[in-house]
Structures are given as structure tokens and as C-alpha cells.
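Reading through the C-alpha cells given below for one structure.
As the structure is a computational prediction, the values presented were derived from the model and not from experiment.
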Amino acid sequence: MINEIDNAIYELIIKTMNPAVTAIMIFISFLGSAITLITLSLGFIFLIKEKKYPKLIIINLILSFVLNKVLKLIIARPRPPRLRVVVENGYSFPSGHSMVSFAFYGFLIYLINKKLKNKKIKYPLIALLSLLILLIGISRIYLGVHYVTDVLGGYIIGLIYLIVFIKVLKKKKIKL
């Protein structure tokens with residue numbers, strides 16, 4: 001049944017593709033790439049005054065990357081065979097962009113929610129980052145490098161990972 005759902009959505013996306021949407025999806029996908037997330041993490045070193053937060057953001061990113069790679073090797077699901085707008089190597093499940101973006105941007109959402117007092121900035125920023133997480137997953141399906149279940153699995157694993165990561169920080173009495 002899962003393969004039927006994956007294939008039906010995959011076929012629907014192929015029929016609705018157009019160059020303008022493809023360009024947008026490539027850009028959105030880039031916002032969930034390793035290069036972007038590493039650059040943002042390193043940039044936070046200079047942007048955030050309290051130095052523990054950039055360290056935690058970097059640790060979070062590294063751990064979520066490692067967990068994703070381990071899961072991909074264990075599950076070893078091949079990528080969709082037909083249409084690939086972008087070239088990706090490795091296995092398909094769970095979607096690394098979806099999982100790691102959920103962990104990375106989700107942790108930023110958590111920190112923003114805890115630390116930012118200005119509601120006029122706080123809530124739009126949280127909404128924007130939440131939308132970005134959703135669009136990164138959609139972009140991976142659209143670009144033909146993941147099935148829907150790869151992305152959903154990435155989101156679920158990313159959420160579980162993020163909950164555990166935050167609980168561990170709290171248990172170690174790291175004030176967030």
C-alpha cells in the first residue's frame with residue numbers, strides 16, 4: 001500500500017511539473033542542504049551573543065546528520081527510479097533534507113519561542129521557519145529524489161530526535 005501511495009503522488013507530480021516551479025523547488029531544496037545548514041550554523045557564531053546557543057545548534061546539526069546517515073545505511077531504500085531533476089547519491093529513506101531540516105530549523109523555532117520576547121517578530125519567524133520545513137520536504141518529492149514516505153519518515157524521525165535532544169539538554173541542566 002505504501003508503494004502505491006508513493007507511486008501515485010510521484011506520478012501526479014511528474015504531470016504537474018513546469019520550469020518556474022522547478023526553479024523555486026531547487027532553491028527551497030538548497031535551504032535544506034548540508035552547505036546551507038553548515039553555513040547558517042557557523043554564521044550563528046557571529047550573530048548570537050550568548051555563545052552556548054551556536055554550540056548547541058552545531059551539535060544538533062552534527063547529531064542529526066549522523067543519525068540520518070546511519071538510518072539510510074540500515075534501511076537502504078533505493079531512490080525513485082524515473083525522474084530526478086537533481087542528482088543525489090545514496091539511499092532514499094529517510095529524507096535527509098526533511099529530517100535534518102526539521103531538527104535544525106525546529107531547534108531554531110524552539111529557541112526563538114523561548115528567547116524572543118517581541119511577538120511581532122517571534123510569531124512570523126516561527127511561521128516562516130515552519131513553512132520552510134514543510135516546503136523543503138515538498139521540494140524533495142517534486143525534484144524526484146524522494147518518495148512521500150521518505151519525507152514523512154524524515155519529519156517523524158526529525159521530530160522524535162528533536163524532542164530527545166531537547167530533553168537531554170534539559171536533563172543535563174543546560175538552560176535554554
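The two residues Leu71 and Pro94 make their nearest non-hydrogen contact at CB-CD, 3.8 Å.
Note that CG of Leu159 is 10.0 Å distant from CD1 of Ile133, once rounded to the nearest 0.5 Å. In this structure, CG in Leu108 is found 5.0 Å from CD1 in Ile57, a value given to the nearest 0.5 Å. A distance of 12.5 Å separates CG in Leu31 from CD1 in Ile26, rounded to the nearest 0.5 Å.
For Tyr142, the side chain to side chain donor-acceptor pair (under 3.5 Å) partners are Thr22, not counting sequence neighbours. Qualifying side chain to side chain donor-acceptor pair (under 3.5 Å) partners for Lys69, counting only residues two or more places apart in sequence or in other chains: none. Under the side-chain contact (heavy atoms from CB on, under 4.5 Å) criterion, Ile24 pairs with Ile28, sequence neighbours left out. Here Tyr161 pairs with Phe165 under the ring pair (Phe, Tyr, Trp, His ring centres under 6.0 Å) rule; sequence neighbours left out. Checked against side chain to side chain donor-acceptor pair (under 3.5 Å), Tyr110 has the following partners two or more places apart in sequence or in another chain: Lys170. For Ile138, the side-chain contact (heavy atoms from CB on, under 4.5 Å) partners two or more places apart in sequence, or in a different chain, are Met25, Leu134, Leu135. In this structure, Lys122 has no side chain to side chain donor-acceptor pair (under 3.5 Å) partners at least two apart in sequence or on a different chain. In this view, Lys120 and Asn118 satisfy the side-chain contact (heavy atoms from CB on, under 4.5 Å) rule, not counting sequence neighbours. Residues passing the side-chain contact (heavy atoms from CB on, under 4.5 Å) test with Ser101 are Leu37, Tyr105, Ile136, sequence neighbours excluded.
Enclosure of atom CD1 in Ile35 is not indicated, since only 12 or fewer non-hydrogen atoms of other residues, nucleotides or ligands lie within 6.0 angstrom. The number of heavy atoms from other shown groups lying within 6.0 Å of NZ (Lys171) does not exceed 12.
Side-chain contacts under 4.5 Å among hydrophobic residues (ILVMFWY), followed directly or transitively, place Tyr91 together with Leu73.
Sequence neighbours left out, the pairs with a member in residues 28-49 that pass side-chain hydrogen bond (donor to acceptor under 3.5 Å, both in side chains) are Ser29-Arg140, Ser33-Thr36. The salt bridge (charged side-chain N to carboxylate O under 4.0 Å, His left out) pairs that include a residue from residues 150-164 are Arg77-Asp150, where partners are two or more places apart or lie in different chains.
When hydrophobic clusters are built by joining Ile, Leu, Val, Met, Phe, Trp and Tyr residues whose side-chain heavy atoms come closer than 4.5 Å, directly or via intermediates, Met17 is not grouped with Tyr147.
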Problem set entry | Trace of the side chain to side chain contact (heavy atoms under 4.5 Å, CB included) decision for Ile157 with Leu67 | CA-CA 9 Å; Ile157 296 165; Leu67 177 61; 4.3 Å; yes

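Counting only heavy atoms from C-beta outward, the side chains of Ile45 and Leu42 approach each other to under 4.5 Å. Leu125 has its side chain out of reach of Ile109: every pair of non-hydrogen atoms, C-beta onward, lies at least 4.5 Å apart. The shortest distance between side-chain heavy atoms of Glu88 and His97 falls below 4.5 Å. Contact check for Met99 versus Ile156: no side-chain heavy atoms found under the 4.5 Å cut-off.
Side chain of Asn60 to main chain of Phe107: no donor-acceptor pair is present (N/O by atom type, distance under 3.5 Å, no hydrogens or angles). Panel note: side chain Lys119, backbone Leu116; no donor-acceptor pair is recorded below 3.5 Å. Side-chain atoms of His146 come within 3.5 Å of backbone atoms of Ser92 as a donor-acceptor pair (strictly under, hydrogens ignored). Looking only at distances, a side-chain donor or acceptor of Asp6 sits under 3.5 Å from a matching main-chain atom of Thr149.
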